[in-house]
Amino acid sequence: MWGMLVSVISGILMSVQGVFNSEVTKQTGVWIAAAFVHATAFAVCMAAWLVTGRESSFGAVISTRPVYLLSGGIIGAFITYTVIFGMNTLGPAQAVLFIISAQIISAYLIELFGMFGVEKSQFHWTKLAGVVLMAAGIIIFKWKELRG
């Protein structure tokens, strides 16, 4: 239950953050806005780490294996850029529609093939049906634009 609630909060925060970042970009530039986002995120994470008891150290991060797992920050920079670009060109609702669709499909493929250390899951036709319904939802959402 808590996982679902926190995930819903995450989705809301991602949408709000995307809009905020998009608006900041209009006044600054995409890379400086992305740098500011990540610098403030770093500050919040460091403060939270200091307050919550520091259960691990930076040494643990540096010794993480496989090393490619440490590329999350690099990927995060490109996520910030692509969200800003998508929201500026498509608007928040359509951008998030495509972002979430891509997230669901790629996350399911990661699970299905057991990539990056994730436990491999079995293929289920119901999950494929969910993806098909999601694609139908995109078509319905964009119906007016597709027709005309």
Side-chain angles (χ1 to χ4, degrees), residues 1-138 141-142:
M1 180 65 175
W2 283 111
M4 291 189 314
L5 179 62
V6 170
S7 295
V8 167
I9 292 169
S10 175
I12 293 168
L13 290 174
M14 285 182 198
S15 294
V16 171
Q17 181 200 35
V19 171
F20 286 7
N21 294 349
S22 182
E23 292 301 313
V24 170
T25 297
K26 291 176 185 174
Q27 298 176 42
T28 60
V30 68
W31 287 114
I32 196 68
F36 180 78
V37 166
H38 289 276
T40 55
F42 175 76
V44 169
C45 289
M46 289 305 297
W49 178 68
L50 289 170
V51 170
T52 60
R54 295 174 275 187
E55 67 279 350
S56 60
S57 69
F58 283 101
V61 172
I62 293 169
S63 63
T64 298
R65 297 295 179 265
V67 176
Y68 70 81
L69 295 175
L70 296 174
S71 65
I74 297 166
I75 294 169
F78 289 103
I79 290 169
T80 302
Y81 174 83
T82 55
V83 169
I84 291 168
F85 185 86
M87 291 219 175
N88 280 338
T89 56
L90 299 174
Q94 288 187 43
V96 170
L97 183 70
F98 286 106
I99 291 166
I100 291 172
S101 298
Q103 284 179 320
I104 291 170
I105 292 167
S106 61
Y108 184 53
L109 289 173
I110 289 168
E111 281 185 7
L112 196 59
F113 294 107
M115 300 164 67
F116 313 119
V118 172
E119 187 176 329
K120 192 173 183 177
S121 69
Q122 295 293 318
F123 174 79
H124 294 282
W125 285 103
T126 54
K127 291 183 179 183
L128 180 62
V131 170
V132 170
L133 284 172
M134 182 179 56
I138 292 171
F141 194 85
K142 296 187 65 61

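None of these values were measured; they are calculated from a predicted model.
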What's the shortest heavy-atom distance between [X] and [Y], and which atoms?
{"X": "Thr40", "Y": "Val37", "result": "OG1-O, 2.9 Å"}
{"X": "Leu70", "Y": "Val61", "result": "CD2-O, 3.5 Å"}
{"X": "Lys120", "Y": "Phe113", "result": "CG-C, 4.1 Å"}

Hey, what do you get for [atom1] ([X]) to [atom2] ([Y]), rounding to the nearest 0.5 Å?
{"X": "Phe36", "Y": "Thr80", "atom1": "CZ", "atom2": "OG1", "value": "12.5 Å"}
{"X": "Leu109", "Y": "Ile104", "atom1": "CG", "atom2": "CD1", "value": "12.0 Å"}
{"X": "Thr64", "Y": "Leu69", "atom1": "OG1", "atom2": "CG", "value": "7.0 Å"}
{"X": "Leu128", "Y": "Phe123", "atom1": "CG", "atom2": "CZ", "value": "4.5 Å"}

Exercise. Do other residues, nucleotides or ligands put more than 12 heavy atoms under 6.0 Å from the CD1 atom of Ile32?
Worked result: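 No.
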
Between [X] and [Y], is any pair of side-chain heavy atoms under 4.5 Å apart?
{"X": "Ile110", "Y": "Phe116", "result": "yes"}
{"X": "Ile79", "Y": "Ile75", "result": "yes"}
{"X": "Lys127", "Y": "Gln122", "result": "no"}

Side chain to side chain donor-acceptor pair (under 3.5 Å) partners of [X], counting only residues at least two apart:
{"X": "Thr25", "answer": "none"}
{"X": "His124", "answer": "none"}
{"X": "Asn88", "answer": "Ser22"}

Exercise. Excluding sequence neighbours, so at least two apart, what forms ring pair (Phe, Tyr, Trp, His ring centres under 6.0 Å) with Trp31?
Worked result: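 Partners of Trp31 by the ring pair (Phe, Tyr, Trp, His ring centres under 6.0 Å) criterion, ordered by chain and then number, come out as Phe78, Tyr81.
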
Show me the donor-acceptor pairs, under 3.5 Å and distance only, between side chains in residues 2-19 and residues at least two apart or in other chains.
unit_1 : atom_1 : unit_2 : atom_2 : d
Ser7   : OG     : Gly3   : O      : 2.8
Ser15  : OG     : Gly11  : O      : 3.3

Problem set entry | Derivation and outcome, side chain to side chain contact (heavy atoms under 4.5 Å, CB included), residues Met87 and Asn21 | CA-CA 9 Å; Met87 291 219 175; Asn21 294 349; over 6 Å; no

Would you tabulate the side-chain donor-acceptor contacts of residues 94-103 under 3.5 Å, counting partners in other chains and residues two or more places apart, or write 'none'?
unit_1 : atom_1 : unit_2 : atom_2 : d
Gln94  : OE1    : Lys142 : NZ     : 2.5
Gln94  : NE2    : Glu145 : OE2    : 2.7
Ser101 : OG     : Leu97  : O      : 2.8

